[in-house]
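Keep in mind the model is a prediction, meaning the values are calculated, not measured.
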Amino acid sequence: VLNIGLPILGGGIGAGAVPMSKIVHGITGQDIKQIMSIFVPAVVLGNVFSIIAAALLYRLGQRYPKLSGNGRLMDDQTLVQEEPKIDFSAGSLVIGAAVACGFYAFGKIVNQFAPDIHNLGWMVLAVAVCNITGIVPGYILSACYSWFKFVAKAFVGVVLLAIGVVFTDLGEIAMSITPQYVFLCATVVFGAVIGAGFVGRLVGFHFIESAITAGLCMTDMGGTGDVAVLSACKRMQLMPF
């Protein structure tokens, strides 16, 4: 549970395996590098199985449309999700980039005063508050959405290449590959898919979208893993979730 399950469910390396290894080091006195050598292979294999599972869920949605929202998270026909107008003009993209950088800077600043919560957590919270209260003008929302679509279209390929070449330590994987180890990593990912999918159905989400956002985006390798997972299931619009 500690060496395989928790690292995979921890949400990646920087916000998962690293702080968890520090906690284990503080309790046991074990060397952090030794702990990381145990955690990292589980995270990497969990990321691989998460990408495979995302592709399989995409196929499942094509075969059983009732399980899929085709990128729509909530199973409520009364909710009308209107896509903001996309404008790839220079002015719109500059506004979107400026707002994104501004919220990121806000998260970094608040994190200096409240370091227990990650700066991305503060950023997401600030964005959610601004969106819920409706204080952001429509043209800025449109610019932010255009910036998101531009980044997703222009840089996803580069990020996926970086995941494969830079962030995937094939040596660590090779040393850890035993039938039992691979089976346990696959089981953790499978359990996250089933658990998140069925609980999502209970609270009004589509099974596949819930399994992806709450399941696979938890068992992958953090932000870079999210990109790979959402690309594999062709649901990049779920990145905010």
Side-chain angles (χ1 to χ4, degrees), residues 4-18 20 36 39-62 67-73 100 104 118 120-121 123-124 147-174 176-177 181-197 200 205-241:
I4 298 177
L6 291 183
I8 293 177
L9 299 175
I13 300 292
V18 172
M20 288 170 60
M36 286 294 294
F39 285 177
V40 168
V43 176
V44 173
L45 279 174
N47 188 63
V48 172
F49 283 119
S50 297
I51 297 170
I52 295 172
L56 294 177
L57 285 175
Y58 173 72
R59 296 289 186 182
L60 181 67
Q62 289 183 317
L67 296 176
S68 172
N70 294 316
R72 182 188 176 104
L73 191 59
Y104 181 77
H118 196 275
L120 293 181
M123 183 189 75
V124 171
W147 173 250
F148 162 71
K149 297 292 285 187
F150 169 74
V151 170
K153 188 173 183 179
F155 297 111
V156 164
V158 178
V159 173
L160 290 177
L161 178 64
I163 295 170
V165 176
V166 180
F167 291 101
T168 303
D169 192 335
L170 298 179
E172 291 284 358
I173 297 177
S176 302
I177 289 181
Y181 194 90
V182 173
F183 174 75
L184 287 173
C185 291
T187 302
V188 173
V189 175
F190 177 76
V193 168
I194 297 301
F205 294 162
H206 289 284
F207 176 88
I208 290 178
E209 277 69 20
S210 181
I212 292 168
T213 53
L216 296 180
C217 288
M218 171 179 60
T219 58
D220 63 24
M221 196 188 295
T224 54
D226 293 342
V227 174
V229 164
L230 296 178
S231 298
C233 61
K234 304 186 189 308
R235 282 168 170 78
M236 282 300 297
Q237 66 267 36
L238 291 177
M239 179 60 81
F241 301 98

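With a 4.5 Å cut-off on side-chain heavy atoms, Leu230 and Cys217 count as touching. Annotation: side chain of Met239 is in contact with side chain of Val227 (closest heavy-atom distance under 4.5 Å). Between Val182 and Phe49, the closest side-chain pair of non-hydrogen atoms falls below 4.5 Å. Under the 4.5 Å side-chain criterion, counting only non-hydrogen atoms from C-beta, Met236 is in contact with Ser231. Inter-residue side-chain proximity for Pro41 and Leu45 is flagged as unmet; no heavy-atom pair is nearer than 4.5 Å. Side-chain contact check for Val43 versus Ile8: every heavy-atom pair is 4.5 Å or farther apart.
Under the side chain to side chain contact (heavy atoms under 4.5 Å, CB included) criterion, Thr213 pairs with Leu73, Leu238, Phe241, sequence neighbours left out. Listed by chain and residue number, Ile52 satisfy the side chain to side chain contact (heavy atoms under 4.5 Å, CB included) test with Leu56 (two or more places apart in sequence, or in another chain).
Shortest non-hydrogen contact noted between Cys185 and Ala42 is SG-CA, 4.2 Å. Taking every heavy atom of both residues into account, Tyr58 and Ala232 meet most closely at CB-O, 4.3 Å. Here the shortest heavy-atom pairing between Gly71 and Gln237 reads CA-NE2, 3.3 Å. Closest approach of Cys233 to Ile212, counting heavy atoms only: SG-CD1, 3.6 Å. Minimum interatomic distance between Val229 and Asp220 (heavy atoms only, all atoms of both residues): CG2-OD2, 3.7 Å. Residues Ala196 and Ala211 come closest through the heavy atom pair CB-CA, 4.1 Å.
Taken to the nearest 0.5 Å, the CD1 atom of Ile4 stands 11.5 Å off from the CG atom of Leu9. Note that the CD atom of Glu209 and the CG atom of Leu67 stand 9.5 Å from one another [nearest 0.5 Å].
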Discussion item. Assess the residue pair Arg235 and Asn70 against the criterion (side chain to side chain contact (heavy atoms under 4.5 Å, CB included)); give the C-alpha distance rounded to whole Å, side-chain angles, the decisive distance to 0.1 Å, and a yes or no.
Written reply: CA-CA 8 Å; Arg235 282 168 170 78; Asn70 294 316; 4.3 Å; yes
